[in-house]
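Report on one structure; see the data block that follows.
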Amino acid sequence: MKSLLGKYSNSSMTLVMLGIFVVMVAIASRYPAEARFMPFVVGIPAILLCLLQLALDARARHRPPASADSPSDLERAQATASQIVGHQVELGASGTTEPQLSPAETVHRELVLWGYFLGFIAGIVLFGFWVAIPLFLVSFLRFQAKVGWRTALLLGVGASVALFLVFERGLKVQVHSGFVTSFVLDHLSR
Amino acid sequence: MIEVMFGSLWAMLTSPQTMGLMLIAVLLGLIVGVTPGIGGRLSIALAIPFVFGMQMIPGAVFLLTMHAVNGTSGQISSIMFGVPGDGDDAATTIDGYPMAKKGEAGRALGASITASGFGGIVGACVFAVMIPILEPVVLAFSPAEFFLLALLGITFIAFIAGGENIFRGLIVGFFGVMLATIGTDPYTGTPRFAGDYLFLWDGLSLVTAVLALFAVPEMIALGVQGGSISAVSRETARFSYRQLFEGVLEVPRHWWLALRTSIIGAVIGMIPGLGSSAAAWFCYGHAVQTSPNPERFGKGAVEGVIAPETGSNAREGGALLPTLFFGVPASSGMAVLLGAFLILGIQPGPKMLTDQLPLVWTLIWALVVGNLIAITFLLFICRWAAMLTFVNGAMLVPFIVVVVALGAYVAEGQWENLLILVGLSIVGYGLLRAGWPRAPFVIGLVLGKIAEESLHKAMELWGLAFFLRPLSLVLIGLIVLTIAYAVYRNMRPSKALADLRIVQ
């Protein structure tokens, strides 16, 4: 399944893009001629490019797979440097690279981080910035960055206060107060 | 001209607001440059919300200074710990790190910081010299050419960012242009792709889109990767201020090399499509080729530190030229900067030479003064700034995500932008994961409105015959040649060019 996903991942992106362009061109076709002109000028060539890209992806799938030992950015830089100076050059100190994550671990971490991000945005929409920010910062620092409770609270609350002073007091920006928070505050004030 | 030139400098130096913002920008730019996980492009995107509503000149000076000094501090970790932050810094590492290992870290840092600042100043001078030369060319451009320039800009960025596959870059660029059409059509008043959602009638928020495509995916990736960029010992490099001063003197000692590589860097910067690391590598190669003792390179030759640093920083001055006068950003960093300039109300194009010349000169002076301040700051603090290399990436993520969310909201004051942020972040992360370029999206989004306006004007003036104008034919030829070369390269990849693109 994983290899299948890897094999078709580039095509998936092309298909997503193709879908977006097809839908947008279809919607634009209902607009008056002048309004749909630009979406057509952009959308139709983009659809053709996506189809061409799909063909290239299909062609690439029939090629032999690239070597697992394909050079990293650093190795390529080393090769370039060695070529220029005419002798072997070592770039970077030993032990400078992080250990490679397994695909499963990568996906797990991605899901956790997306969870934090979506939770934070949902928190802002429902409870407002000044409730969501300290909660997000403290929980992320404590459970994701693995710092102690004291440091997490100090950094999380400190940064929230600093941002509140900059935006609300300094820049006089009235930020979103959250639907639930507004509802509760309205009820309490009645 | 002379009056405008020095009038702009005087106005800038005597404005406490502009100078105060410049100092903050230098400090932030230097910190961002040395901190892992935050590139110059991302730092500009994050700074956009803070300049929103600011006056044009202080806002532009703040952003440009921050962007310009970014690379000056980037080489610290390359020299002290052998950890190159990006492609430009990798070239500096070849000789910088061996110098540090020989106990000459201070000399290498002194030379690299001074060379970087010198390059930045020469780059600004090259830009200034080019103004009278380019003026008749820029003023000869009509709406037809500006439409084609927008297409050329997307093609160039697709070429550098798309790697061996230019079509992916073009698709992403067209996606940006398509999203730029969201909002009320200026000719018929039809709300395109906006339906009844009033917040979309003014168009998609550029700030939100840039933050979603760049900041959020980068932060998720940094969080997944975790840890600091380096596991090397903090005691690797020895350092002394005496050595640092000796290093500073190496630049005047090698002034001819520094001047040559600065000019090469600035010229490379003017050519959209020649990747961020190309200037550094070209200049390094030039230093090796012109040295009477090329065998010293790679073992701690100070010229190997001076050449890439002058070249990569001089590039910023050169890159500003196509960005400001043609609206074609020379790099993805310049694309984000261009987007920020548009938000501040700066309209790139020929009017920059006629109506906005004082602003152009202010930006040139900002490059010069910003680099001078950066050198002074960094020579004092580089020893401690190096420690920022060890900041844990996972610690930075939540703070940047918070700034991103605030930025997306503050830009328009609409909570719905947070939903747009989520939607486009998913697309952005998909692009990152699939190895698709994201820079063409920003160019497309930024140039979309200009392209549409120019296309309509060109069609009204000449109809389809605008494609046959001589300048149009030249631009069409360039677009076709770029695509054809990319396809050729895809079929027969050239190792040398692939290596030059090391890290975008």
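Order of the sequence lines fixes the chain letters, A, B, ..., with proteins taken first and strands second; residue numbering starts at 1 for each chain. Values below: every heavy atom of this structure, side chains too, minus hydrogens, waters and symmetry copies. Computed from a predicted structure; not experimentally measured.
Residue A:Y116: no heavy atom, backbone or side chain, is found under 4.5 Å from chain B. Both the backbone and the side chain of A:L155 come within less than 4.5 Å of a heavy atom of chain B. Of the two parts of B:V404, neither the backbone nor the side chain holds a non-hydrogen atom closer than 4.5 Å to a non-hydrogen atom of chain A. Contact annotation for B:P217: neither backbone nor side-chain heavy atoms come within less than 4.5 Å of a heavy atom of chain A. Both the backbone and the side chain of B:I220 come within less than 4.5 Å of a heavy atom in chain A. Of the two parts of A:V112, neither the backbone nor the side chain holds a non-hydrogen atom closer than 4.5 Å to a non-hydrogen atom of chain B. Proximity to chain A (any heavy atom under 4.5 Å) is shown, for B:A451, by both the backbone and the side chain. With a 4.5 angstrom heavy-atom cutoff, A:V107 touches chain B only via side-chain atoms. Only the side chain of B:I182 has a heavy atom closer than 4.5 Å to any heavy atom of chain A. Heavy atoms closer than 4.5 Å to chain B are found in the side chain of A:F179, but not in its backbone.
Not a single donor-acceptor pair under 3.5 Å links the side chain of B:R192 to the backbone N or O of A:R36.
Comparing A:E110, A:Q144, A:E105 by how many heavy-atom pairs each has under 4.5 Å with chain B, the most go to A:E110. Between chain A and the residues B:S291, B:A301, B:G285, B:A405, the most heavy-atom pairs under 4.5 angstrom are made by B:A405. Options A:G43, A:A132, A:A35 differ in how many heavy-atom pairs under 4.5 Å they form with chain B, and the most are formed by A:A35. Heavy-atom pairs under 4.5 Å with chain B peak, among A:V125, A:I20, A:V175, A:I47, at A:V175. Comparing B:L418, B:V402, B:L419, B:T181 by heavy-atom pairs within less than 4.5 Å of chain A, the highest count is held by B:V402. Chain A forms more heavy-atom pairs under 4.5 Å with one residue of B:L421, B:V172, B:T184, B:T190 than with any other, namely B:T190.
Residues of residues 157-165 of chain A lying within less than 4.5 angstrom of chain B, judged on heavy atoms, are A:A159, A:L163 in numerical order. Using a 4.5 Å cut-off between non-hydrogen atoms, the part of residues 23-34 of chain A that approaches chain B consists of A:M24, A:V25, A:I27, A:A28, A:Y31, A:P32, A:E34.
Side-chain atoms of B:V401 and A:F140, non-hydrogen and from C-beta on, never get closer than 4.5 Å to each other. Between A:I121 and B:W415, the closest side-chain pair of non-hydrogen atoms is not below 4.5 Å. With contacts defined as side-chain heavy-atom distances shorter than 4.5 Å, the pair B:V422/A:F117 qualifies. The side-chain heavy atoms of B:V410 and A:Q174, taken from C-beta on, include no pair separated by under 4.5 Å.
Note that CZ of A:F37 and OG1 of B:T188 are 13.5 Å apart. Values are rounded to the nearest 0.5 Å. Expressed to the nearest 0.5 Å, how far CG of A:L113 lies from CE of B:M219 amounts to 11.0 Å. Note that CG of B:L170 and CG of A:L52 are 10.0 Å apart. Values are rounded to the nearest 0.5 Å. Atoms CG and OG, from A:L118 and B:S425 in turn, are 9.0 Å apart once rounded to the nearest 0.5 Å. From A:I133, atom CD1 reaches atom CG of B:L406 across 4.5 Å, with rounding to the nearest 0.5 Å. If you take CG on A:D57 and CZ on B:R168, they are separated by 6.0 Å, rounding to the nearest 0.5 Å.
Ring-plane geometry between A:H176 and B:Y409 is classed as tilted, the angle between the planes lying from 30 to 60 degrees on a 0 to 90 degree scale.
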Quiz item: Can you list the steps and then say if A:I44 with B:F174 is a side chain to side chain contact (heavy atoms under 4.5 Å, CB included)?
Solution: CA-CA 10 Å; A:I44 293 169; B:F174 278 25; over 6 Å; no

Quiz prompt | Test log, rule side chain to side chain contact (heavy atoms under 4.5 Å, CB included), inputs A:M38 and B:V177 | solution = CA-CA 9 Å; A:M38 192 63 180; B:V177 181; 3.9 Å; yes

Exercise. Evaluate the criterion side chain to side chain contact (heavy atoms under 4.5 Å, CB included) for residue pair A:W114 and B:I426; output intermediate values, then yes/no.
Key: CA-CA 9 Å; A:W114 274 105; B:I426 293 169; 4.0 Å; yes

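Annotation for A:F143: atom CZ counts as buried by contact number, over 12 foreign heavy atoms lying within 6.0 Å.
Closest of all the heavy-atom pairs between B:V427 and A:M13 is O-CE, 4.2 Å. Closest of all the heavy-atom pairs between B:M395 and A:L141 is SD-CD2, 4.0 Å.
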